[in-house]
Novice: 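One structure, as structure tokens, below. Some questions next.
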Amino acid sequence: MEQKRIKIKKLLVSNEVGSEVNVKGWVRTKRGNKQINFIALNDGSTIQNLQIVVDVPNFNEDLLKKISTGAAISVVGEVIASQGSGQSVEVSATKIEVLGVADPEKYPLQPKKHSLEFLREKAHLRFRTSTFSAVFRIRHAMAFAVHEFFNKKGFFYMHTPLITGSDAEGAGEMFRVSTLDAKNPPLNEDGSINYKEDFFGKETNLTVSGQLEGELGAMALGEIYTFGPTFRAENSNTTRHLAEFWMIEPEMAFYDITDNMDLAEEFLKYMIKYALDNCMEDLEFLSKRLKEEEKGKKADEQSMELIEKLKFVLENDFVRLTYTEAIDILRNSQPNKKKKFQYLIDGWGADLQSEHERYLVEKKFMKPVILIDYPKEIKSFYMKQNEDGKTVAAMDILFPGIGEIIGGSQREEDLDKLVTRMKEMGIPAEDMDWYLDTRRFGTATHSGFGLGFERMMLFVTGMGNIRDVIPFPRTPKNAEF
RNA sequence: UCCUUCUUAGCUCAGUUGGUUAGAGCAUCUGACUGUUAAUCAGAGGGUCCUAGGUUCAAGUCCUAGAGAGGGAGCCA
């Protein structure tokens, strides 16, 4: 078995008919009779299986018995044109080695359809299914596209800390990082925990955002982006929230809110185009899968075909409107007049509920929507205060089926306005001195946004649950594997 | 965290008004078949009916509590 191994993806695209090859992979199915067996072999390089043809009398019976679904095998054989109609080429085996058996009585993945819920419980093995291998190949491609996009634009990839001593960002509940004895922590005289004795000598948490540190980088390097894990200890049980997720946060000096929107739209389209250009086989598989899943649904509940949907978003400008315009549209909308909304729109100032966002994106405009200029009361302290005194230069990008995929803003660069706003919102400015230095020394217009990587994955793959687009999801009450 | 639905074979599910031996398809195993591709055909094995209480002559089925899962909402990315 000295033949050099070839990956199935390469074998299938190159015309190797007549040559001898070695392939290694995992058995998806085996079928046949006493004379001939067919093995569908997958090595993860592509969604396509390679058909191995086994002339049964030439092989040891015990060896063939070990070749069951899930087993790892190495095959040497000749590439031949297929007599069957399911594939153009196949490999006629001359030598088979079983690298690792998979007891069919115990191996959880059967050669049949499994529910996503079941596979979620077998997350360590679900990579071996067509659906999940497709999703995770696309995940790789999307991560690569992020770096390619920003690198081409001259942005610098910046690593912001995962352990943070600042708890002022206010983006959500945080996970505490501590080496103190949970059963017997050192106490202050008033009974509170004495964090001065903790590892870092202060209270520390896992980061909820790299934005504040990212701003420091942008105010020197010009344009930076972060791409890393983010942690939120919110008790959120939905199809679009994770306790540990990956976020992309670009931060740009000298960008105003319009530049910020332009960049975000270009970025999202770049990723979609990258998927269409590089992941077509996997997308086609996911699209077919999605169609089958929706067969039972009513026509108006069915979503647009996956690839068509991606092309549509790519080819159309996002709708841009202000919060105030959105409120007007919603106030005069049919569901509001007929009191179909659970939360009726009656005035300016309230936060939009997801039913309102869905109406705008999925009913009114039928395409992604960028909402800007939100009331300052419902947004973060660091957002640029507009001249009307009521709104801030915030932007949320809403995607069909996903909701908010990007949240961003132009940042408040005026020290006095920022400090005043922090006081109003009860944020301790003295702990944020390092952040405020950017406004003290050489302050300038700057902007940035955060993209939830898994939400983008949901959109691109058409998967319905965020737990199925990250290898090992972390959610309330679940940290398996 | 709230609302809601669910938990029966390895998987997906059925199980009537509470009634005596809990079913199907797929998967697995055995056999048949010279080219299958969701292979086909025949047969076999396989059950803590989520857990703990309770009601009842009798509970998979009804009640209470708990655990877990799905969907929706809130929080957000």
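Residue numbers start from 1 in every chain, and the chains themselves are labelled A, B, ... in the order their sequence lines are given, proteins ahead of strands.
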Novice: Run the salt bridge (charged side-chain N to carboxylate O under 4.0 Å, His left out) test on A:Arg421 and A:Glu424 for me, step by step, so that the C-alpha distance in whole Å, both residues' side-chain angles and the decisive distance to 0.1 Å come before the verdict.
Specialist: CA-CA 5 Å; A:Arg421 192 75 190 122; A:Glu424 284 170 8; 2.4 Å; yes
Novice: Expressed as a whole number of angstroms, how long is the span from A:Gln35:CD to B:rA32:P?
Specialist: 11 Å
Novice: Check this for me: does the side-chain of A:Gln110 come within 3.5 Å of the base of B:rU28 through a donor and an acceptor?
Specialist: no
Novice: Could you tell me whether A:Glu265 and A:Arg320 have a side-chain N and a carboxylate O separated by less than 4.0 Å?
Specialist: yes
Novice: From the options B:rA73, B:rG70, B:rA32, select the nucleotide whose nearest atom is closest to the side chain of A:Arg467.
Specialist: B:rG70
Novice: Per the atom types in the model, does the base of B:rU7 pair as donor or acceptor with the side chain of A:Glu117 at under 3.5 Å?
Specialist: no
Novice: Calculate the interatomic distance between A:Glu121 atom CD and B:rA69 atom P; express it in whole Å.
Specialist: 8 Å
Novice: Check this one for me: any side-chain N or O of A:Asn237 less than 4.0 Å away from OP1 or OP2 of B:rC2?
Specialist: no
Novice: In this structure, how many angstroms lie between the C1' atom of B:rG72 and the CD atom of A:Gln353, rounded?
Specialist: 13 Å
Novice: Which nucleotide, in any strand shown, forms a Watson-Crick or G-U wobble pair with B:rA67, with both distances under 3.5 Å?
Specialist: B:rU7
Novice: Checking base pairs now: Watson-Crick or wobble, both atom distances under 3.5 Å. What partners B:rC2?
Specialist: B:rG72
Novice: Tell me whether the side-chain N or O atoms of A:Glu105 pair up with the base of B:rG46 as donor and acceptor below 3.5 Å, since no angle test is needed here.
Specialist: no
Novice: Between the side chain of A:Lys9 and the main-chain N/O of A:Ile47, is any donor-acceptor distance below 3.5 Å?
Specialist: no
Novice: Would you call A:Phe38 stacked on B:rG35, i.e. ring centres under 5.5 Å apart with the planes less than 30° off parallel?
Specialist: no
Novice: Determine the contact category for A:Ile406: base if any of its heavy atoms lies under 4.0 Å from a base atom, sugar-phosphate if only primed atoms, P, OP1 or OP2 are that close, otherwise nothing.
Specialist: sugar-phosphate
Novice: If pairing requires Watson-Crick or G-U wobble contacts with both distances under 3.5 Å, which nucleotide is the partner of B:rA14?
Specialist: none
Novice: Given atom CD of A:Glu249 and atom P of B:rA77, what is their separation to the nearest angstrom?
Specialist: 9 Å
Novice: Inspect the contact between A:Glu284 and A:Lys288 and indicate whether a charged nitrogen and a carboxylate oxygen are less than 4.0 angstrom apart.
Specialist: no
